[in-house]
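What follows is a short report on a single structure.
Here, residue 1 is the first one in the sequence, and each next residue gets the next number. Every value quoted in this text rests on a predicted model; they were computed, and no experiment measured them. Both backbone and side-chain heavy atoms feed into the values below; hydrogens, waters and symmetry mates do not.
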Amino acid sequence: MLPPDAQTACACCGLAGATLTVSETPLCLVCAPAYAADEDKIDQHAALIWLPQFDQGTLSRLLSAAWTTLLVSRVGNPTHTHALTILDDLSARRVAAIEKIGTYYPRRLRHAVSTLAPHHMLKRQSAASGLRILPVAAWRERHTDALSTLLSNRNRAR
């Protein structure tokens, strides 16, 4: 783990605040689930969504913005409501992942891909290029204090 006051840029989203490392890659709390697909409990913290318009880093920056808005705005405020709508829309993209690959659970996909023949369509570079990892509410709740600190620090740095 990097020091909590690290100004190291996250390798995924490019924003300051990478306090974790996965395979020696510096990551922030928003991006870490995308790099933890091998974790046994990944399904409790993240879901697969289909979002080919964004890369993982862009999705993470959008999540940071939405979570920051929830942190600094009051319930009922239009910006608070808009942030919730964005998060709900992203979560609803699980359905598209199910339609594309049959699941939105990262662990199930990891297991299925590990059993496929090398030439199978899902193992081709572009076959699943629209899949993204979306941290779920349980991840946010588990890391509430650390995420609040990270997002507040990022907000102040603007």
Side-chain angles (χ1 to χ4, degrees), residues 1-23 25-39 41-110 126 128-158:
M1 207 154 163
L2 298 170
D5 60 345
Q7 291 303 306
T8 303
C10 175
C12 180
C13 68
L15 299 174
T19 56
L20 303 170
T21 56
V22 176
S23 299
T25 302
L27 298 166
C28 69
L29 274 169
V30 179
C31 297
Y35 286 76
D38 290 338
E39 295 294 322
K41 295 182 179 181
I42 187 65
D43 293 346
Q44 296 172 12
H45 303 291
L48 294 168
I49 62 171
W50 184 256
L51 191 65
Q53 310 88 310
F54 292 172
D55 63 19
Q56 188 67 45
T58 302
L59 172 60
S60 293
R61 288 188 295 279
L62 178 61
L63 285 171
S64 289
W67 291 351
T68 299
T69 299
L70 295 179
L71 184 66
V72 300
S73 65
R74 296 178 193 260
V75 174
N77 181 304
T79 56
H80 190 274
T81 303
H82 187 67
L84 288 174
T85 300
I86 289 169
L87 294 173
D88 288 345
D89 288 348
L90 289 171
S91 186
R93 292 183 172 268
R94 293 176 192 195
V95 173
I98 291 170
E99 291 169 355
K100 296 280 184 188
I101 61 167
T103 188
Y104 66 81
Y105 292 109
R107 190 166 186 239
R108 288 184 187 167
L109 176 64
R110 183 184 73 229
S126 62
S129 64
L131 290 174
R132 306 290 174 254
I133 299 282
L134 179 70
V136 297
W139 177 257
R140 236 178 30 243
E141 292 163 7
R142 180 176 175 207
H143 300 285
T144 299
D145 293 340
L147 279 168
S148 294
T149 300
L150 171 69
L151 299 173
S152 295
N153 288 341
R154 285 181 176 172
N155 199 35
R156 273 186 241 138
R158 288 183 199 179

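Taking CZ of R94 as the reference point, atom OH of Y105 lies at 8.0 Å (rounded to 0.5 Å). Atom NZ of K100 and atom CG of L48 lie 14.0 Å apart (nearest 0.5 Å). The line from CG of L20 to OG1 of T8 is 11.5 Å long, rounded to the nearest 0.5 Å. For the atom pair OG1 of T85 and NE2 of H80, the computed distance is 10.5 Å after rounding to the nearest 0.5 Å. Interatomic distance, I49 CD1 to L131 CG, rounded to the nearest 0.5 Å: 9.5 Å.
When atom types are taken as modelled, the side chain of R132 and the backbone of F54 share a donor-acceptor pair closer than 3.5 angstrom. Of the possible polar contacts, none joining the S23 side chain to the T25 backbone as a donor-acceptor pair under 3.5 Å is found.
Annotation for D89: atom CG counts as buried by contact number, over 12 foreign heavy atoms lying within 6.0 Å.
Contact check for L29 versus W139: side-chain heavy atoms found under the 4.5 Å cut-off. Put simply, the side chain of V30 does not reach to within 4.5 Å of the side chain of L15, judged on heavy atoms. L87 places a side-chain heavy atom less than 4.5 Å from the side chain of L70. With contacts defined as side-chain heavy-atom distances shorter than 4.5 Å, the pair L63/L134 qualifies.
No hydrogens or angles considered: nothing links the side chains of S64 and R61 as a donor-acceptor pair under 3.5 Å. Side-chain N/O atoms of S91 and D88 include no donor and acceptor closer than 3.5 Å.
Shown here for S60 and C12, the closest heavy-atom pair between the two residues is OG-SG, 4.1 Å.
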